[in-house]
Undergrad: 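Okay, here's the structure, questions in a sec.
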There are 2 protein chains.
Amino acid sequence: MANALTALADPTRRRIFEMVADRPCAVGEIAAELPVTRPAVSQHLKVLRLAGLVREQRRGTRHIYRLDPAGLDDVRAYFDAFSERSLTSFKEAVEHSVIGDRDDNEEEEEES
Amino acid sequence: MANALTALADPTRRRIFEMVADRPCAVGEIAAELPVTRPAVSQHLKVLRLAGLVREQRRGTRHIYRLDPAGLDDVRAYFDAFSERSLTSFKEAVEHSVIGDRDDNEEEEEES
DNA sequence: ACTAACTGTAAGTTAACACTAACGCTACGC
DNA sequence: GCGTAGCGTTAGTGTTAACTTACAGTTAGT
């Protein structure tokens, strides 16, 4: 799962993952829609595959890649655990009134 | 949300995020438990904060960081969308029997 | 067998980034 | 006031990694 997050960190690799998640794709197909060469896509797919996010299926000379639901579920479970933890810690915080008694600082931010 | 994934790619930053998610922490506390210097932790926290994953709250000279549930929810929503999509595409695949008619290749892998 | 189609791999380059050391800043205690 | 505690920031460095080019391998068609 650790590798899955590093794999999805790169924007290009994330676009590849999204394409493959939408529908099974061959390497050439993906490269045709991205501003990188085909070998680059091949390397990215290897990373995604080793991370357990993608599965390969050879059809003649074409290598078809599709989403691996298992890897995706691992990532989801990782973040779901944080959500549960944040709920309980929020409950405790309210009970002990640790939060809400002062929180005054804003600054640069981004992405809604 | 894009920045959130790149933020969580680094192992050190991920450990910091996990610590802060578990309970609110000051910068020095975090640095004490990690094999990096305090400025490094400070830089990592800035990245996490700009990614919307963490919130800052100044208590005197101490800067307390805690999880930002909103940023976490964004990440969860991102992956949840893929899960839904993979379910529908799996349904279509079964109906058209696109999968299950040949898939024979194994190789090196890792992480169960 | 030869060619074409499709892909993976190796080597090398360049930009990004995680880190440390040094410095500057703000809040609290004396 | 002065000193201390706790952080953030800057500049500089070393390493990682994403990319391209060139090459090698496998499959299908003639």
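The model shown is predicted, which means the values in this text are computed figures rather than measured ones. All values below were derived from every heavy atom in this structure, side-chain atoms included, with hydrogens, water molecules and symmetry-related copies excluded. Here is how names work: the chains are called A, B, and so on, in the same order as the sequence lines, proteins then strands, and each is numbered from 1.
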Undergrad: How long is the line joining CG of A/Asn3 and P of D/dA17, in whole Å?
TA: 11 Å

Undergrad: Quickly work out the A/Arg59 CZ to C/dG8 P distance and round it to whole Å.
TA: 16 Å

Undergrad: To the nearest Å, give me how far apart CZ (B/Arg58) and C1' (C/dC28) are.
TA: 15 Å

Undergrad: Using atom CZ of A/Arg62 as one end and atom C1' of D/dT27 as the other, report the distance to the nearest whole Å.
TA: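 Value for this atom pair: 13 Å.
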
Undergrad: Do B/Lys46 and B/Glu56 sit within salt-bridge range, that is, some charged N less than 4.0 Å from a carboxylate O?
TA: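 Not counted as a salt bridge, because no side-chain N and carboxylate O are separated by less than 4.0 Å.
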
Undergrad: Could you check how far CD of B/Gln57 sits from C1' of D/dG6, rounded to whole Å?
TA: 16 Å

Undergrad: Among residues 33-45 of chain A, which residues get a heavy atom nearer than 4.0 Å to DNA chain C?
TA: A/Arg38, A/Pro39, A/Ser42, A/Gln43

Undergrad: Respond yes when some side-chain nitrogen or oxygen of A/Arg13 is under 4.0 Å from OP1 or OP2 of D/dA18, and no when none is.
TA: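 Indeed, a polar side-chain atom of A/Arg13 lies that close.
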
Undergrad: Is it the case that more than 12 heavy atoms not belonging to B/Arg14 sit under 6.0 Å from its CZ atom?
TA: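 Count over threshold, so yes.
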
Undergrad: Please determine whether salt bridge (Lys or Arg N to Asp or Glu O under 4.0 Å) holds for the pair B/Arg38 and B/Glu29, giving the CA-CA distance in whole Å, both sets of side-chain angles, and the decisive distance to 0.1 Å.
TA: CA-CA 9 Å; B/Arg38 183 195 51 74; B/Glu29 290 181 69; over 6 Å; no

Undergrad: Is any side-chain heavy atom of B/Leu5 closer than 4.5 Å to one of B/Phe79?
TA: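 When only atoms from C-beta onward are counted, B/Leu5 and B/Phe79 do touch, with a gap below 4.5 Å.
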
Undergrad: OP1, OP2 of C/dC19 versus side-chain N and O of B/Thr12: anything below 4.0 Å?
TA: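 Looking at the OP1 and OP2 atoms of C/dC19, one of them is under 4.0 Å from a side-chain N or O of B/Thr12.
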
Undergrad: Given atom CD1 of A/Ile16 and atom C1' of D/dC19, what is their separation to the nearest angstrom?
TA: 12 Å

Undergrad: With a 4.5 Å cut-off on side-chain heavy atoms, are A/Arg76 and B/Tyr78 touching?
TA: no

Undergrad: For the pair made of CG in A/Leu48 and P in D/dA18, what is the distance, rounded to whole Å?
TA: 10 Å

Undergrad: Would you say A/Lys46 reaches C/dT9's phosphate, i.e. side-chain N/O to OP1/OP2 under 4.0 Å?
TA: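 The answer is yes; a side-chain N or O of A/Lys46 sits under 4.0 Å from OP1 or OP2.
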
Undergrad: So, does A/His63 get its side chain near the phosphate of C/dG8, meaning an N or O under 4.0 Å from OP1 or OP2?
TA: yes

Undergrad: Please say which of A/Val41, A/Val27, A/Val36, A/Asp10 ends up in a side-chain contact (heavy atoms from CB on, under 4.5 Å) with A/Ile16.
TA: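 For A/Ile16, the side-chain contact (heavy atoms from CB on, under 4.5 Å) test succeeds with only one of A/Val41, A/Val27, A/Val36, A/Asp10, which is A/Val41.
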
Undergrad: Using whole Å, what does the distance between atom C1' of nucleotide D/dG8 and atom CD1 of B/Ile30 come to?
TA: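 Going from CD1 in B/Ile30 over to C1' in D/dG8 covers 14 Å.
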
Undergrad: Sequence neighbours left out, what passes side chain to side chain donor-acceptor pair (under 3.5 Å) with A/Arg13? Give chain and number order.
TA: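 Result, side chain to side chain donor-acceptor pair (under 3.5 Å) vs A/Arg13: A/His44.
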
Undergrad: Do the side-chain N or O atoms of B/Tyr65 get closer than 4.0 angstrom to the phosphate oxygens (OP1, OP2) of D/dG8?
TA: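 The answer is yes; a side-chain N or O of B/Tyr65 sits under 4.0 Å from OP1 or OP2.
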
